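Quick note on labels: first sequence line is chain A, next is B, and so on, each numbered from 1. These figures come from a predicted structure and were not determined experimentally.
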Protein chains: 2
Amino acid sequence: MEGKTVAGRIHDLDEGLTSAGRKAARGLLGNYPMLGLAPVAEFAAGAGVSAATIVRFVAQLGFKSYPDFQRALREELEQRSKSPLQRGAMLSTEPGEAPFLATFLAQSAQRLEETVALISPGEFETVCRRLSETKRNCYLAGGRFTDFLAGYLEAHLRLVRPGIRRLDGRPATSADQLIDVKPGDLAILFDVRRYDPAMLDVAQTLSQRKAHIVLITDEWLSPIARHARYCLPCSTQTGRTWDANAAILGVVEAIIARVTELSWETASERIGALEGE
Amino acid sequence: MEGKTVAGRIHDLDEGLTSAGRKAARGLLGNYPMLGLAPVAEFAAGAGVSAATIVRFVAQLGFKSYPDFQRALREELEQRSKSPLQRGAMLSTEPGEAPFLATFLAQSAQRLEETVALISPGEFETVCRRLSETKRNCYLAGGRFTDFLAGYLEAHLRLVRPGIRRLDGRPATSADQLIDVKPGDLAILFDVRRYDPAMLDVAQTLSQRKAHIVLITDEWLSPIARHARYCLPCSTQTGRTWDANAAILGVVEAIIARVTELSWETASERIGALEGE
DNA sequence: GGATTTGTGGAATTACTGTTACAGAAGTTA
DNA sequence: TAACTTCTGTAACAGTAATTCCACAAATCC
């Protein structure tokens with residue numbers, strides 16, 4: 001009873017908590033453990049519940065009073081300051097069972113790390129540099145489940161630079177969207193397993209028009225790879241019904257971050273102007 | 001005056017302190033900042049002086065009351081706990097040829113792992129169970145940068161179960177989309193920082209209609225949390241221009257995977273039928 | 001060495017915080 | 001839908017902590 005951290009106790013209760021109790025728990029875990037060191041009223045306000053609920057919450061945690069609970073937090077903090085453990089260490093769950101979410105997210109994290117090995121740093125950097133040159137237009141397209149990624153990337157790139165075009169919808173084959181493509185233009189295509197034939201058509205057309213294709217795909221590589229100048233493969237395999245695209249989003253966000261950095265001069269103005277609205 | 005840390009202020013005073021004042025200072029710096037978070041009496045005992053001296057000491061430091069002093073300590077602590085991420089973000093930008101992608105993806109992976117601590121396993125399971133009950137309708141909506149997450153979730157849930165409705169676009173306030181909402185219906189809302197006022201309106205309307213709101217948000221919790229029955233906070237902070245949503249997608253994919261599992265009986269048929277086409 | 005100023009701790013006071021009781025709302029079950 | 005149970009917030013209450021006051025001690029200055 002005494003050896004457990006407060007965060008550990010919260011995880012133990014888990015289902016035993018009521019709706020408002022969870023809000024309290026979330027608030028505390030959200031900025032741990034500072035909120036718990038504040039007076040009850042402040043804790044309550046920060047968690048969006050009443051003071052009474054906070055008191056009941058700490059009682060459920062097994063403390064006989066709120067000051068008692070705070071003492072535990074302080075001692076815990078003292079403990080930690082002696083060894084350079086991080087915030088995460090205090091919050092980590094016990095290895096007792098294998099909760100679905102924890103397992104799944106751990107696998108997601110692993111895929112992220114595998115992806116590091118799959119992508120050449122130089123190639124990534126080159127793609128980002130190309131993206132921050134605003135002379136050329138840049139076209140984006142995705143397939144059935146990856147179209148959202150194209151949309152996400154588009155939304156951000158639009159804020160950073162001009163000349164972004166999105167190829168929309170199913171009849172992507174329709175060549176009228178590609179009619180303005182000039183040699184040397186950039187095209188970012190997303191294609192993952194159950195590779196989309198329509199996407200391959202688009203790639204072929206782009207290739208004919210001498211566009212430079214950036215392919216973002218899974219570890220088995222879409223057939224588009226043959227036409228791609230740059231290729232960024234991501235780890236997606238899950239062994240379940242659906243493959244997972246979180247690692248791809250990670251790479252997309254890395255691209256956004258890097259391109260924003262590289263073209264900060266112009267980007268900062270655009271962002272200011274567009275966000276201000 | 002406001003920007004300085006408490007430790008810094010002590011150092012500034014230094015000579016100006018009286019004999020007993022020094023004891024207080026030494027005590028506090030001895031196990032900083034925990035002793036300052038304790039009640040005055042405890043601080044006094046720990047430093048070997050009287051309570052009155054402690055009060056005078058914090059007054060000399062420039063605080064107008066002891067609680068005020070404690071607030072400063074808490075904020076300082078909060079500041080410090082957030083800095084490692086930001087420091088990491090800053091470091092990676094410095095050396096020209098540093099492995100930007102590797103650093104960024106490692107941070108993404110870390111956010112994924114932090115998210116595990118933020119979400120209660122029981123709550124996650126409950127949400128998934130509710131989603132696999134097909135009696136109720138389920139509504140989805142997202143804000144500016146999170147709408148694509150709603151779309152991604154929608155696309156998969158549609159394959160798994162009927163009764164999925166997406167609230168689209170900007171004028172989401174338009175109540176006609178919500179007119180059919182019945183008490184007990186489920187609504188999954190995405191809202192991250194730069195919280196969307198329109199989304200809050202939607203949440204309020206849904207709340208009035210007794211819908212059960214599942215909120216997927218960042219670690220600072222959208223104001224919608226007040227109306228939400230279930231809340232799944234994700235780690236998104238990057239210290240850069242844009243926050244990162246890969247962890248949110250990770251959670252979304254976990255939901256998809258779990259719901260698919262739970263309702264495999266009916267889901268497998270639907271997937272077969274719809275995918276075959 | 002006595003008078004004066006300054007620092008300190010103990011006790012009274014005050015303000016505020018944590019606690020509890022109660023009433024209303026929400027959820028659950030028949 | 002209605003009765004019952006559980007939960008939650010409001011508000012009054014009680015307890016404790018912070019603050020102030022005062023007497024005493026220490027150091028400093030005539």
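If you measure from atom CG of A:Leu17 to atom P of D:dT6, you get 17 Å, rounded to the nearest angstrom. Look at CD1 on B:Ile213: it is 14 Å from P on C:dA26, rounded to the nearest Å. Rounded to whole Å, the distance from CZ on B:Phe69 to P on D:dA18 is 11 Å. The CZ atom of A:Phe63 sits 15 Å away from the P atom of C:dG18 (whole-angstrom rounding). Between the P atom of C:dT19 and the CZ atom of A:Phe43 lies a distance of 13 Å, rounded to the nearest Å. In this structure, B:Phe57 atom CZ and D:dT19 atom P are separated by 14 Å, rounded to whole Å. Rounded to an integer number of Å, the gap from B:His227 NE2 to C:dA26 P is 13 Å. Rounded to a whole Å, the CG atom of B:Leu37 is 12 Å from the P atom of D:dA18.
If you find the closest nucleotide of DNA chain C to B:Arg229 and to A:Pro67, the one lying nearer the 5' end belongs to A:Pro67. Nucleotides of DNA chain C nearest to B:Lys210 and A:Val40 differ in position, and the one nearer the 5' end is that of A:Val40.
At a threshold of 4.0 Å, the pair B:Arg258-B:Glu253 does not count as salt-bridged, since none of the basic side-chain nitrogens sits closer than that to a carboxylate oxygen.
Considering CZ of A:Arg74 and CD of A:Glu78, their distance stands at 9.0 Å, rounded to 0.5 Å.
For residues 54-78 of chain B, the pairs satisfying ring pair (Phe, Tyr, Trp, His ring centres under 6.0 Å) are B:Phe63-B:Phe69, B:Tyr66-B:Phe69, with sequence neighbours left out.
Remark: of the listed residues B:Ile248, B:Ile255, B:Leu118, B:Ile255 is the sole one forming a side-chain contact (heavy atoms from CB on, under 4.5 Å) with B:Leu232.
When the ring-ring contact (aromatic ring centres under 6.0 Å, His included) test is applied to B:Tyr195, no partner is found at least two apart in sequence or on another chain.
No side-chain heavy atom of A:Phe104 sits less than 4.5 Å from a side-chain heavy atom of B:Val251.
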- Nucleotide by nucleotide, 5' to 3', does protein get under 4.0 Å of the base (B), only the sugar-phosphate (S), or neither (-) in nucleotides 7-12 of chain D, counting heavy atoms? SBBB--

